[in-house]
Visitor: 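My questions will all concern the structure given below.
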Amino acid sequence: MLIWIFMFMDLFVLFVISFVHFGIISDITSPLLISAGYLTLKAIAFRDVMSMIDLIVAIYILLMIFGISTSFYYIIAFWFLYKLLFTIIGNM
């Protein structure tokens, strides 16, 4: 059950950073802060390699709040899609 909650939260983070990166929604500071907080708390709680990569993503999300958006987004999108795919495949 917890894995599915994390999967939906990761999907939420992916949607939020995608909306900001592509300029679909411009004033989205609150969901960005929620996303960065979620990833930071998960990194602190689990302290594994994948969660530390999520911490790097949280730092990038904080930079997005200040208007810094780079092509690093595509690596992040691939990372979240990778995690989502293996969560779905692993639970079949």
Side-chain angles (χ1 to χ4, degrees):
M1 180 69 172
L2 189 61
I3 292 173
W4 290 101
I5 293 171
F6 285 147
M7 184 186 78
F8 285 117
M9 287 298 293
D10 285 344
L11 192 59
F12 171 77
V13 171
L14 180 62
F15 281 129
V16 168
I17 63 174
S18 296
F19 289 158
V20 172
H21 179 76
F22 293 113
I24 297 171
I25 299 174
S26 59
D27 188 25
I28 194 166
T29 304
S30 180
L32 282 173
L33 286 174
I34 292 169
S35 299
Y38 156 71
L39 292 174
T40 304
L41 288 175
K42 192 167 76 166
I44 292 170
F46 292 106
R47 298 181 188 217
D48 61 344
V49 175
M50 292 182 78
S51 294
M52 291 303 133
I53 294 172
D54 285 344
L55 183 62
I56 293 168
V57 173
I59 293 168
Y60 178 74
I61 291 172
L62 292 176
L63 293 174
M64 288 179 82
I65 292 172
F66 295 108
I68 300 170
S69 183
T70 64
S71 60
F72 186 61
Y73 160 78
Y74 296 104
I75 297 170
I76 292 170
F78 177 76
W79 171 250
F80 278 107
L81 291 174
Y82 167 80
K83 288 188 342 178
L84 292 171
L85 177 71
F86 280 98
T87 300
I88 292 169
I89 289 174
N91 287 317
M92 288 186 159

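Residue numbers run from 1 in the order of the sequence given. What you see below is based on every heavy atom in this structure, not just the backbone, and it leaves out hydrogens, waters and symmetry mates.
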Visitor: So does I3 have more than 12 non-hydrogen atoms from other groups sitting under 6.0 Å from CD1?
Guide: no
Visitor: I need the F15 CZ to I24 CD1 distance, nearest 0.5 Å.
Guide: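 Going from CZ on F15 over to CD1 on I24, the span is 10.0 Å.
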Visitor: If you group Ile, Leu, Val, Met, Phe, Trp and Tyr by side-chain heavy-atom gaps below 4.5 Å, do M9 and F46 land in one group?
Guide: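 As far as the 4.5 Å side-chain criterion goes, F46 and M9 are connected within one cluster.
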Visitor: Quick check: closest heavy atoms across I44 and R47, and the distance to 0.1 Å?
Guide: O-NE, 3.2 Å
Visitor: With no hydrogens and no angle check, do the side chains of D54 and S51 hold a donor and an acceptor under 3.5 Å apart?
Guide: no
Visitor: Please report the shortest heavy-atom distance between L14 and A77, naming the atom on each side.
Guide: CD1-CA, 3.8 Å
Visitor: List the steps and the verdict of ring pair (Phe, Tyr, Trp, His ring centres under 6.0 Å) for F78 and Y74.
Guide: CA-CA 6 Å; F78 177 76; Y74 296 104; over 10 Å; no
Visitor: Indicate if I17 and I68 have the same hydrophobic cluster label, given that clusters are the connected sets of ILVMFWY residues with side-chain heavy-atom separations under 4.5 angstrom.
Guide: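 I17 and I68: separate clusters.
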Visitor: If you measure only the distance, is there a donor-acceptor pair under 3.5 Å linking the side chains of Y38 and D10?
Guide: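 Present: a donor and an acceptor within the cut-off.
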Visitor: Would you say V20 ends up clustered with F66 if hydrophobic residues are merged whenever their side chains have heavy atoms under 4.5 Å apart, either directly or through other cluster members?
Guide: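 F66 does not cluster with V20.
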Visitor: After noting the C-alpha distance and the side-chain angles of V57 and F80, does the key distance pass the side-chain contact (heavy atoms from CB on, under 4.5 Å) rule?
Guide: CA-CA 10 Å; V57 173; F80 278 107; 3.7 Å; yes
Visitor: Check for a donor-acceptor pair, side chain of Y73 on one end and backbone N or O of F22 on the other, with a separation under 3.5 Å.
Guide: no
Visitor: In the single-linkage hydrophobic clustering (I, L, V, M, F, W, Y; side-chain heavy atoms under 4.5 Å), do L84 and M50 co-cluster?
Guide: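 Hydrophobic grouping puts L84 with M50.
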Visitor: Please report the C-alpha distance between L55 and L39 in whole Å, then the side-chain angles of each, then the deciding distance to 0.1 Å, and finally whether the side-chain contact (heavy atoms from CB on, under 4.5 Å) criterion is met.
Guide: CA-CA 6 Å; L55 183 62; L39 292 174; over 6 Å; no
Visitor: How many angstroms lie between CG in L32 and CG in L62, if you round to the nearest 0.5 Å?
Guide: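 If we round to the nearest 0.5 Å, L32:CG and L62:CG are 8.5 Å apart.
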Visitor: In this structure, are over 12 heavy atoms from other groups packed under 6.0 Å from F72 atom CZ?
Guide: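 For F72, atom CZ is crowded (more than 12 foreign heavy atoms under 6.0 Å).
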Visitor: Hey, quick one: are L41 and I61 part of the same hydrophobic cluster, counting side-chain heavy atoms closer than 4.5 Å, chains of contacts allowed?
Guide: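 No, separate clusters.
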Visitor: Would you call the rings of F8 and W4 parallel, tilted or perpendicular, where under 30° means parallel and over 60° means perpendicular?
Guide: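 Tilted.
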Visitor: CE/M64 to OG1/T70 distance, rounded to the nearest 0.5 angstrom?
Guide: 8.5 Å
Visitor: Could you measure the distance from the CD1 atom of I76 to the CD1 atom of I53? Nearest 0.5 Å is fine.
Guide: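 Those atoms lie 11.0 Å apart.
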Visitor: Between CD1 of I28 and CD1 of I34, what distance do you get to the nearest 0.5 Å?
Guide: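 Going from the CD1 atom of I28 to the CD1 atom of I34 covers 9.5 Å.
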